[in-house]
Every structure is written in C-alpha cells, then in structure tokens.
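Have a look at the structure below before the remarks.
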Protein chains: 2
Amino acid sequence: MVTRSARDQDRDQDQLFAALANATRREVLRLLRDRGPQPVQALADHFAMRRPSLSEHLKVLREAGLVSEERRGRQRIYRLEAAPLAEVQDWLHPYERFWREKLKGLGDLLDRMPEDEA
Amino acid sequence: MVTRSARDQDRDQDQLFAALANATRREVLRLLRDRGPQPVQALADHFAMRRPSLSEHLKVLREAGLVSEERRGRQRIYRLEAAPLAEVQDWLHPYERFWREKLKGLGDLLDRMPEDEA
DNA sequence: ACCATAGGTAGGGGACTTCCTACGCGTCAA
DNA sequence: TTGACGCGTAGGAAGTCCCCTACCTATGGT
C-alpha cells in the first residue's frame, strides 16, 4: 500500500473521519488510551447502550484501523491503534498556519493574496 | 461560550468530524485554502455534481464553522475558517505519543502498563 | 420594467447509520 | 457433556445523508 489511488485515499479518509464523528466511538478510543487494552464488556460498562450496539461501534473502529482485537479465551481484547490518527494530523497540517494567523489577528492578509505559494 | 456542557461539546465534535467525513467537502476546504475566497459557482466548477448539491455541502461546512460567507452583489464569497480545525488538533494531541511510539517500534511498552500516568 | 445571473430551499428517492431484540458460535467450568 | 459466559451477527425500525429536479428570491444589466 505504498501508493493508493486518489479514490481509495478519499474512501479511507471518509471512513476515518466518519469513525471519529460519533461520541461513543471517541469515548471508546479515550478509554483504550487512558486505561489500556480491554475486553468488550469492560468497555460496554461505560455506556447506556446495549452490548451488541457497542459491538457495531467496535466494528466501525476496526474497519477504520483505529483499534485491533486479540482473542484471549472467550474474551476479545481491544487495543488502541493510533496510526490512522497520524494521517489526520498530516491532513490537518496545511491548514495550521491559517488558524495560527487568525489567532494572531492578522488573518486577512493571506485571504487577499492567495495562490502565491500554493 | 467559555464553557459548554459535555453534550454540547460532543455534538460540536460530531458535527465537525462529520463535516470532514466527505471528500467533496474536504476538497472545498482545500480549494479555499489554496486559491482563497471564492463564489459558489467557481467552487462548483470543480465537481461533477449539480450546484444545489454543492450548496448543501457548503451549508454543512457553514454550520460546522469551517467556512463563512460574505455577500457581494449577487455572489456569496466563501472563505475558509480554520479555527475549528485547531480543536481537531487539540483532540488529537493526547494520542500523539501513541503513534510516535508505534513508529519507533516500542509501542507495546505502554500497552502493558496502563493508567499509571493517565 | 424586463430578463438573466447567482445561489438558496423544497421535496423526494435510495443508501447508510444507529439503535434495538433475538439468536448463533466458541470457550471455560462443573 | 451440559450449561453459562463473552461476543458477534441478523434483521428491522427510525432517522439521516447525499444526490437529484423544480422552484424561489435577490441583484444587476439593458
């Protein structure tokens, strides 16, 4: 997967951002980050929804590459896989100077003279 | 809006990530970033879809705070508003050491001894 | 006044999301 | 081996997303 078509990349990024566009799934990631790998039931205890619904959220996270599972007996230990988040940061990077300039209050400068350094 | 309830914050983040979970909308942001503020038709020229559909994408971006519009005659000039992306970066930050460690190949260390520094 | 241009809104169709309950499969314990 | 436990999947209901065509308002040119 050294090179991907632009469509594949779009699909991956759609999937990644969509996976993050849900408070339950973001909370799962936070739990795995703060408390380490856990089985499904331990995660499910933190939410009001039924366990099968959480299973579906875990599937979305798995397909986005944000978690992995390891089978241990009858449990499945879920673990945070942060690598895709590095792609989010990469995507974010070209925008960084825009919000930094805005915060400094001189944000209109570049708006007036575009595409000179694009 | 110094403080918001956890639910409001969840809703805002849902909305923000959902706005980014679409290749057309990410491309709109890129165009505004690389070419500066533009009217709707100039943006629409880059896409295969009909203009009303693009208008709806612009509405999603507006409601996420990612673009602003300025009325100039019968045109509406859309402009990138990058500030919400700073919140994405803030959200990302606590995960950063996880992918950095993973890239260095020593990623299993913390997985074994969790919550000691959370 | 008239018409063309710029762009938003209404309403509808098809696909997808997010929850649910019911159920199936594999594993551990008696 | 029988049962309970851990977890995924099937299927369905309600809502949302993303595209379309039709239509509306507002501005500018003649």
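Throughout, protein chains are lettered first and strands after them, A, B, ... in sequence-line order, and every chain is numbered starting at 1.
Atom P of nucleotide C/dA6 and atom CD of B/Glu70 are separated by 17 Å, given to the nearest angstrom. Per the geometry, NZ belonging to A/Lys59 stands 13 Å off P belonging to C/dT18, to the nearest Å. A straight line from CG of B/Leu54 to C1' of C/dA6 spans 13 Å, rounded to a whole angstrom. Distance B/Glu63 CD to C/dG8 C1': 13 Å, rounded to the nearest Å. Rounding to whole angstrom units, CG of residue A/Leu58 and P of C/dC19 are separated by 12 Å. Atom-to-atom, CD of B/Glu69 to C1' of C/dT9 comes out at 14 Å; the value is rounded to the nearest Å. Rounded to whole Å, the distance from OH on B/Tyr78 to P on C/dA6 is 15 Å.
Of the inter-residue distances, the one linking A/Leu32 atom CG with A/Leu66 atom CG reads 10.5 Å to the nearest 0.5 angstrom.
Residue pairs meeting the salt bridge (Lys or Arg N to Asp or Glu O under 4.0 Å) criterion with at least one member in residues 52-69 of chain A, sequence neighbours excluded, are A/Arg62-A/Glu69, A/Glu69-A/Arg71, A/Glu69-A/Arg76. Within the structure, the ring pair (Phe, Tyr, Trp, His ring centres under 6.0 Å) test picks out the following pairs touching residues 58-92 of chain B (sequence neighbours left out): B/Phe17-B/Trp91, B/Trp91-B/Tyr95.
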Would you give me the side-chain donor-acceptor pairs under 3.5 Å for residues 41-55 of chain B, sequence neighbours excluded?
from: B/Gln41; atom 1: NE2; to: B/Asp45; atom 2: OD1; distance (Å): 3.0

Quick one: side chains of residues 19-27 of chain A, donor-acceptor pairs under 3.5 Å with protein atoms, not counting sequence neighbours, listed by atom name and distance.
from: A/Asn22; atom 1: OD1; to: A/Thr24; atom 2: N; distance (Å): 2.9
from: A/Asn22; atom 1: OD1; to: A/Arg25; atom 2: N; distance (Å): 3.1
from: A/Arg25; atom 1: NE; to: A/Ala19; atom 2: O; distance (Å): 2.8
from: A/Arg25; atom 1: NH1; to: A/His57; atom 2: ND1; distance (Å): 3.1
from: A/Arg25; atom 1: NH2; to: A/Ala18; atom 2: O; distance (Å): 3.0
from: A/Arg26; atom 1: NE; to: B/Gln13; atom 2: OE1; distance (Å): 3.3
from: A/Arg26; atom 1: NH1; to: A/Leu20; atom 2: O; distance (Å): 2.7
from: A/Arg26; atom 1: NH1; to: B/Asp14; atom 2: OD1; distance (Å): 2.9
from: A/Arg26; atom 1: NH2; to: B/Asp10; atom 2: O; distance (Å): 3.3
from: A/Arg26; atom 1: NH2; to: B/Asp14; atom 2: OD1; distance (Å): 2.9
from: A/Glu27; atom 1: OE1; to: A/Arg30; atom 2: NE; distance (Å): 3.1
from: A/Glu27; atom 1: OE2; to: A/Arg30; atom 2: NH2; distance (Å): 2.9

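Of all heavy-atom pairs spanning B/Leu16 and B/Pro84, the tightest one is CD2-O, 3.4 Å. Taking every heavy atom of both residues into account, B/Ala82 and A/Phe98 meet most closely at CB-CB, 3.7 Å.
For B/Glu96, the side-chain hydrogen bond (donor to acceptor under 3.5 Å, both in side chains) partners two or more places apart in sequence, or in a different chain, are B/Arg100. Shown here are the side-chain hydrogen bond (donor to acceptor under 3.5 Å, both in side chains) partners of B/Glu81, two or more places apart in sequence or in another chain: B/Ser68.
Note on B/Val60: it does not cluster hydrophobically with B/Leu80, by side-chain heavy-atom contacts below 4.5 Å among ILVMFWY residues.
If you check residues 20-27 of chain B against DNA chain C, you find no residue with a heavy atom closer than 4.0 Å.
No side-chain heavy atom of B/Glu70 sits less than 4.5 Å from a side-chain heavy atom of B/Pro37.
When the local axes at the two ends of the helix from C/dA1-D/dT30 to C/dA30-D/dT1 are compared, using 5 base pairs at each end, they differ in direction by 20° after rounding to 10°.
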Subject >> Chi angles and distances behind the side chain to side chain contact (heavy atoms under 4.5 Å, CB included) call for B/Ile77, B/Gln75 >> reply: CA-CA 6 Å; B/Ile77 310 297; B/Gln75 300 190 126; 4.1 Å; yes
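Running 5' to 3' along DNA chain D, contacts with non-hydrogen atoms of chain A at under 4.0 Å begin and end at D/dA4 to D/dG11.
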Original post:
In B/S/- notation, 5' to 3', how is nucleotides 21-30 of chain C contacted by protein heavy atoms closer than 4.0 Å?
Top reply: BB----BB--
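The residue A/Phe47 sits apart from the nucleic acid: no heavy atom pair falls under 4.0 Å.
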